[in-house]
Each structure stands twice: as C-alpha cells, then as structure tokens.
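Ligands are counted one by one from 1 in listed order, and the atoms in each one are counted from 1 as well. Keep in mind that the numbers below use all heavy atoms, side chains included, and drop hydrogens, waters and symmetry copies. Every value quoted in this text rests on a predicted model; they were computed, and no experiment measured them.
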Amino acid sequence: MPLVTSKEMFKKAYEGKYAIGAFNVNNLEIIQGITDAAAELKAPLILQVSSGARKYARHGYLMKLVEAAEAETGLPICIHLDHGDDFEICKSCIDGGFTSVMIDGSKHSYDENIKLTNEVVKYAHDNGVVVEGELGKLAGIEDDVNVADDDASFTRPEEVEEFVSRTGVDSLAIAIGTSHGAYKFKPGQKPRLRFDILEEVEKRLPGYPIVLHGASSVVQDFVDIINANGGEMPDAIGIPEDMLREAASMAVCKINMDSDLRIGMTAGIREHMAKNPTHFDPRQYLAPGRDNIKTIVRHKILSVLGCDGKA
Ligand code: G3H
Ligand code: 13P
Ligand code: ZN
C-alpha cells in the first residue's frame, strides 16, 4: 500500500472510539523503533516531521525512510508535516510527497488563521493531501511557534464550526490544557484537561476528527534512568495516560507525542554509555535508544491509543 492520508484512519478511529498515534521522527532509529512496534501490533501510524526535523534530516532522506518503513511493514502509514507555519512549507511538503500537512495559524488572528488555512487547504486538496488546522494556543516551544504560558489560550468552542466550514480543514487541533515539551505542569500542580471544551466541540462538530498536541505523558522511569546516568532533568509532569485514553474514546482521533520518545532515546543512550564508557560505535548506543522507542510506542498503542489490530 502506498503512503496514505489520515482520512480513512480517522473515520475508523472516530467510530471505533480509539486514536491514531502521531509520532515525531527525525532519524532512522526513531522511525524503526516506532514502526517495529506498530508492525507487531498491527497499528496504523502517522509519522510526523516538524520543520526543524526536516531541516535536520532533510526532506528526501525522511521521505525515503518512511517509504521504506511502509514497504517493509505494509502498514497504513501517513506522513504528515507537523506545525507548518506558512503556505510555502506546506506546499513544499505536498509537492515532495507528504500525504498530510498541518498549517498552524494559531499565532495569527482568527481571520488571518482562516485565510491562511484556507489557502493551504485549496492547494492540498487539489493534490489529494489532507490538512490539519489549529484553533487556540498551546503553551510551549516549537521551532517557529513559541508560545509563552501567559499567551496560551483554550479553544473557544463557539468558533469551531465557522472555522471548519470556512477553511475546509480535515481535522482540527484544539487547546484543552495540554502543552508541548517535558514540563507541562508546575511542580505540585495537578494535571487537568478541559474535557468540557472537548465535549462542546464534539457536540458542535459531530463525527469530526479532533487532534491533541502536547500529549506526552513523560514516563518517570525513563527520566530516572537519564538522571541515574549523568543527566540532570528536573522532575517533569506530563499528561496522565488515563486522560489521554478518555480523550481517545471521544472525538480525539490523533494524539501527538514527541517528548516521550526523546526521553526514551536519551535514556537508552545514556544508560548504555554509562555502562560501556569505552564504546564509540554509534550502533552500540543507538540500538538501546531504538529499543526504548519501540517499548514506549508499544505501550502507547496498547494503553493509550487503543489502535492495536486496526491496521
Ligand atoms: O510540537 C513540536 C514537536 O515536538 C517538534 O519539535 O520543532 O523541536 O522538532 P521540534
Ligand atoms: P509533546 O511535546 O507532548 O510530545 O507534544 C508533541 C507534539 O505536539 C508535536 O506536535
Ligand atoms: Zn504540536
């Protein structure tokens, strides 16, 4: 099967009350760790590339790696641009074979966001590509979208119908209290998501796929491994997995995770290097990083997403 859009995946996920994992990728080991887990569990996949990842690994290399993953596993795999921030990068990814792009106009005014998103939708749909838009602002840092805590804002449910109908977007990322990075809540703060907003959005857009960004749970075991082997990560608090599971059983069809994979990879490498300080062959330390990614993705598919056996 060639690389697919997320259209069919989301339809089934919505009806089946589960979600598809959207994992950020930027090298061979990350792609293999994710796809090996998904292949064992027969899970559909979204592999997503940020503009920083694309600059780092380069478009052509990532495309070939993802095509290789699809050819080897036969899984339905969608390759998606994460947080495209202007028309040009979306166009370049569409022209270069991506099957899905996100245009993140959340830093713009509501009207500007609609205008930009609609421009991307027109070009994407003419080329058989689907588009994710965003309404509301998540806190945290991505390459070109840096949102301070104070500037973050929840999605306003009363805007979603108009946004979706005027832009034509195929899925919508909303802000309900998740945030990017490893430090989502302050020490002592109880994690909380605005399920009331999600419910209201679901009522206003029945059957429509919603996306949750900033959804890493930050597995403390891996943070502990990093710190036991020379790292200095402060205690981190992510999104509790039961909340994500709940969201997946509602309108959320795509759950974005990157930080968890970064932490897992780093834990594997640090642990290996601390135990084997004489090693200098990258394969020796990258393999345990890749193994950790596989372990984490297996766990997400089974315990958070519920998409095992759905490929
Ligand atoms: O949401 C952002 C992703 O974690 C990608 O991060 O822009 O540092 O590649 P990045
Ligand atoms: P995390 O930082 O929580 O992994 O979120 C990743 C993300 O939203 C990518 O778009
Ligand atoms: Zn994101």
Which of the atoms of ligand 2 are close to Asn24, meaning less than 4.0 Å from one of its heavy atoms?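 Going through ligand 2 atom by atom, the ones under 4.0 Å from Asn24 are 9 (C).
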List ligand 2 atoms under 4.0 Å from Ser259, heavy atoms only on the residue side. 1 (P), 2 (O), 4 (O)
May I ask you to check whether Asp260 has an N/O atom sitting below 3.5 Å from an N/O atom of ligand 2? no
Tell me, which pairs form a side-chain hydrogen bond (donor to acceptor under 3.5 Å, both in side chains) where one or both residues lie in residues 31-42, sequence neighbours left out? Gln32-Arg290, Glu40-Lys294, Glu40-Arg298
Closest to [atom] (judged by heavy-atom distance), picking from [options]:
atom                   : options                       : value
atom 6 (O) of ligand 1 : Gln48, Arg262, His83          : Arg262
atom 5 (O) of ligand 2 : Ser179, Gly214, Gly238        : Gly214
atom 1 (O) of ligand 1 : Met257, Met102, Arg54, His180 : His180
atom 7 (C) of ligand 2 : Gln48, His80, His180, Met257  : His180

Under 4.0 Å, heavy atoms only, figure out whether ligand 2 is touched by the backbone of Asp258, its side chain, both or neither.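 The answer is both, backbone and side chain.
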Does only the side chain of Ala22 get under 4.0 Å from ligand 2, or the backbone, or both, or neither? Count heavy atoms.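 Neither part.
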Which bit of Asn26 is near ligand 1, meaning a heavy atom under 4.0 Å away: side chain, backbone, both or neither? neither
Side chains of Val219 and Ile263: closer than 4.5 Å at any heavy-atom pair? no
Under the side chain to side chain contact (heavy atoms under 4.5 Å, CB included) rule, collect the residues that match up with Thr278, sequence neighbours excluded. none
